[in-house]
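Comments concern the structure below.
Only heavy atoms go into these numbers, but all of them, side chains included; no hydrogens, no water, no symmetry mates. Naming convention: chains lettered A, B, ... in sequence-line order (proteins, then strands); numbering from 1 in each chain.
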Amino acid sequence: MSKGLPKRSEDYSLWYNELVKRADLAENSPVRGCMVIKPYGYSIWEKMQAELDRMFKETGHSNAYFPLFIPKSFLSKEASHVEGFAKECAVVTHYRLKNAEDGSGVIVDPEAKLEEELIVRPTSETVIWSTYKNWIQSYRDLPLLVNQWANVVRWEMRTRLFLRTTEFLWQEGHTAHATSEEAMAETVQMMNVYAQFAEEFMALPVVRGRKSANERFAGADDTLCIEALMQDGKALQAGTSHFLGQNFAKAFEVKFATKEGGLEYVWGTSWGVSTRLMGALIMAHSDDNGLVLPPKLAPFQVVIVPIYRGEDELALISVKAKEIMADLRKAGISVKYDDRDTQKPGWKFAEYELKGVPVRIALGPRDLENKTLEIARRDTLTKESFQWEDMPIAEKIGGLLEEIQNGIYQKAFDFRKENTTEVNSWEEFKQVLEDKAGFLSAHWDGTPETEDKIKELTKATIRCIPLDQVLEQGVCVFSGKPSSGRVLFAKAY
RNA sequence: CGGGGUGUAGCGUAGCCCGGUAUCGCGCCACAUUUGGGAUGUGGAGGUCGUAGGUUCGAAUCCUGCCACCCCGACCA
């Protein structure tokens, strides 16, 4: 591994790509647009999954699994849905290969053509609603609250590790309800679950909002979202929660008998977050030395690096190190002891910085003598000497981890605050977008035409209409027409 | 899918214009000395030059197709 990461200030994209690879998170695969998620990266994803899964279950959802393949005909049942996804679907047309007659390898067997092609799911609404038709007959079957952890495929033109890959991992929740109000409440609830997860675990402040009609999910009546701001001033949609109305119920004939004896279409929601969250996590906190991970999602929170000459010294240090590890683990802190003699301490320091381990403890003969530890924190890159007798080590480290978790959240929060600008004229809009980027809070006349025009001229889109939007009279920054509140614009990933 | 760029050892590269079998650094292996911020020395291994064709006595180098990656558009979580 060569030294030195590219600088964020010089080439943000290059910095991001290099960081993902060098920190052992992921790498490109032989298939265009697909990635291999490496063990270190995957263990961060597993932490995210575990936490989200717990939150889904706490809110009454159960996991299930639906198939990867969807009959082609299903895609055409919901008109706007097919329009949204048709252009990026992988299609299975054959089910068999055979040896080429010229011995050049295997070819697709032309005789093994499928009667009806199969679509590799870009999302599972269609297959799930076709199943729900059989599961739902009565109001007694509702609400139906299901989540699945799965992979999906969207054949995107341009891909980037974690942020947009052809295949990605995600969860998709699909719920069915008796009333519109209940489905809307579910949509809001899940957006709030996402927001809470992002802020509490990823240390990522997000704006909760509603998508404009242009940005709404294909097949939804309403899309709620959480939007985050990255260090380069671009916005990233971190999660979406859709109110599907009765669109899919109608498309797949999902009706239920009401308590009163009527027959009605059910109301639906769907909501998802993906491995894109990994991209958000990386871009939100990391620096030119590498990854900075929030303690709550770090594969291990503490690493202990022994400093020693010779086996005997290592043996002495290891006794103390193991004692510290036991204390930390008892307190629920994950810790790794790196006593490899194949790398030198300086190399390890740099390595764990690159990998974003929140706290590093160095322990050497000097420490044994003075009853101290060198404790370094990743977020601030500061070091302190800690006296064993001052307070229990687990208490010290536990406090520090909490400080780091809060510290990086606050830093990201302050960054977003500094990079959210109220603009009141078109000139100002263009100027701020050009010079500073970030979120632009501006009045908008509420029409898709204006939004399209602004996108065309500046590449900025409406990220969301914040849920905490203040109602105030104003004029649209572009058209000059009346507006009743500000929305957030930004260039987005 | 349109415009631009790049593919040479695990990684980063020189060589390409002007054709003669590949340079350097990091990493890797062995040994020794080292170990509190990416060690040093000595020796060593590692290449169908992205891929498939073509031109030529001879191709990393010239020509054509294809593939992948990066940047900029359109599309998108």
Side-chain angles (χ1 to χ4, degrees), chain A residues 1-6 11-14 16-18 21-22 27-35 83-89 104 122-123 151-172 194 211 214-218 223 225-228 235-242 270-280 289-290 305-311 313-314 317 339-354 360-370 372-374 376 381 383 385 455-456 459 461 463 492-493:
Chain A
M1 188 176 303
S2 56
K3 296 180 201 177
L5 213 51
D11 190 337
Y12 193 83
S13 305
L14 186 65
Y16 174 82
N17 287 333
E18 284 295 307
K21 288 178 204 159
R22 293 202 206 178
E27 61 192 34
N28 283 305
S29 79
V31 180
R32 175 195 168 78
C34 293
M35 66 177 166
E83 199 181 320
F85 288 104
K87 285 173 286 182
E88 52 188 44
C89 284
S104 62
T123 179
N151 57 340
V152 289
V153 166
R154 296 184 189 173
W155 217 266
E156 302 286 355
M157 295 303 168
R158 272 178 74 191
T159 60
R160 290 191 73 191
L161 293 168
F162 289 118
L163 296 173
R164 183 174 298 107
T165 44
T166 301
E167 177 193 20
F168 55 96
L169 306 184
W170 76 345
Q171 60 67 218
E172 46 182 328
Y194 289 155
K211 285 293 184 190
N214 278 8
E215 300 276 325
R216 193 178 288 156
F217 176 73
T223 290
C225 62
I226 54 170
E227 291 282 330
L236 184 90
Q237 179 175 303
T240 47
S241 182
H242 314 292
S270 68
W271 28 274
V273 295
S274 71
T275 34
R276 178 178 241 205
L277 287 180
M278 293 285 293
N289 292 308
V305 177
I307 316 284
Y308 61 94
R309 295 162 207 262
E311 291 291 313
E313 214 167 72
L314 175 62
I317 289 162
D339 61 350
R340 288 178 296 174
D341 65 354
T342 51
Q343 309 293 353
K344 298 188 40 164
W347 188 93
K348 292 176 187 173
F349 293 168
E351 175 74 3
Y352 292 115
E353 248 155 48
L354 180 64
R360 183 185 72 234
I361 296 175
L363 182 61
R366 224 155 59 199
D367 296 299
L368 290 186
E369 198 174 311
N370 304 327
T372 57
L373 298 173
E374 183 190 85
L381 293 168
K383 288 192 268 198
S385 184
K455 183 177 180 182
E456 191 187 319
K459 291 178 211 158
T461 51
R463 297 326 301 152
Y493 275 97

Subject >> Along RNA chain B (nearest heavy atom to each residue), the more 5'-positioned of A:Y493 and A:A376 >> reply: A:A376

Subject >> Earlier contact from the 5' end, RNA chain B, for A:S29 and A:R216 >> reply: A:S29

Identify which nucleotide among [options] has an atom closest to any side-chain atom of [X], counting heavy atoms from C-beta outward.
| X | options | result |
| --- | --- | --- |
| A:K344 | B:G36, B:C69, B:G38 | B:G36 |
| A:K455 | B:G38, B:C69, B:C75 | B:C75 |
| A:D367 | B:C69, B:G36, B:C75 | B:G36 |
| A:R160 | B:C71, B:C72, B:G36 | B:C71 |
| A:A350 | B:G38, B:U34, B:C72 | B:G38 |
| A:R158 | B:C71, B:G36, B:G38 | B:C71 |
| A:N17 | B:G37, B:C75, B:C70 | B:C70 |

Given the structure, check if the side chain of [X] and the base of [N] hold any donor-acceptor pair shorter than 3.5 Å.
| X | N | answer |
| --- | --- | --- |
| A:E353 | B:G37 | yes |
| A:K383 | B:G37 | yes |
| A:R360 | B:G37 | yes |

Base, sugar-phosphate or nothing for [X]? Non-hydrogen atoms, less than 4.0 Å.
| X | result |
| --- | --- |
| A:T372 | nothing |
| A:K87 | nothing |
| A:D341 | nothing |
| A:E156 | base |
| A:S274 | base |
| A:F217 | nothing |
| A:L163 | base |
| A:G33 | sugar-phosphate |

Subject >> A:W155 atom CH2, neighbour heavy-atom count above 12 within 6.0 Å >> reply: no

**OP:** Inspect the surroundings of CZ in A:R309 and state if more than 12 heavy atoms from other residues, nucleotides or ligands are less than 6.0 Å away.
**Re:** no

Tell me the interatomic distance from [X], atom [atom1], to [N], atom [atom2], rounded to whole angstroms.
| X | N | atom1 | atom2 | value |
| --- | --- | --- | --- | --- |
| A:L5 | B:G12 | CG | C1' | 14 Å |
| A:I361 | B:G37 | CD1 | P | 17 Å |
| A:E18 | B:C71 | CD | P | 11 Å |
| A:W347 | B:G38 | CH2 | C1' | 9 Å |
| A:R340 | B:A39 | CZ | P | 13 Å |
| A:R22 | B:C26 | CZ | C1' | 11 Å |
| A:Y308 | B:U34 | OH | C1' | 12 Å |
| A:I307 | B:G38 | CD1 | C1' | 13 Å |

Nearest-angstrom distance, [atom1] atom, [N] to [M]:
| N | M | atom1 | answer |
| --- | --- | --- | --- |
| B:G7 | B:G15 | C1' | 15 Å |
| B:C18 | B:U64 | P | 15 Å |
| B:C72 | B:C26 | P | 33 Å |
| B:C28 | B:C11 | C1' | 12 Å |
| B:U51 | B:U6 | C1' | 15 Å |
| B:G36 | B:G47 | P | 35 Å |
| B:U61 | B:U55 | C1' | 13 Å |
| B:A14 | B:A32 | P | 38 Å |

Do you know which two heavy atoms are closest between [X] and [Y], and how far apart they sit?
| X | Y | result |
| --- | --- | --- |
| A:T123 | A:E172 | OG1-OE1, 3.5 Å |
| A:T159 | A:G33 | OG1-CA, 3.4 Å |
| A:Y16 | A:L161 | OH-O, 2.8 Å |
| A:T372 | A:L363 | O-CD1, 4.1 Å |

Complement of [N], any strand, by Watson-Crick or G-U distances under 3.5 angstrom:
| N | value |
| --- | --- |
| B:G41 | B:C31 |
| B:G36 | none |
| B:C16 | none |
| B:G73 | B:C1 |
| B:G7 | B:C67 |

Any side-chain N or O of [X] below 4.0 angstrom from OP1/OP2 of [N]?
| X | N | answer |
| --- | --- | --- |
| A:S13 | B:C71 | yes |
| A:K348 | B:A39 | no |
| A:R309 | B:U35 | yes |

Original post:
Are side-chain heavy atoms of A:S13 and A:R160 found at a separation under 4.5 Å?
Top reply: yes

Original post:
With side chains defined as the heavy atoms from C-beta onward, is the minimum distance between A:Q171 and A:W271 less than 4.5 Å?
Top reply: yes

**OP:** For the residue pair A:F217 and A:H242, categorise the inter-ring angle as parallel (less than 30°), tilted (30 to 60°) or perpendicular (more than 60°).
**Re:** parallel

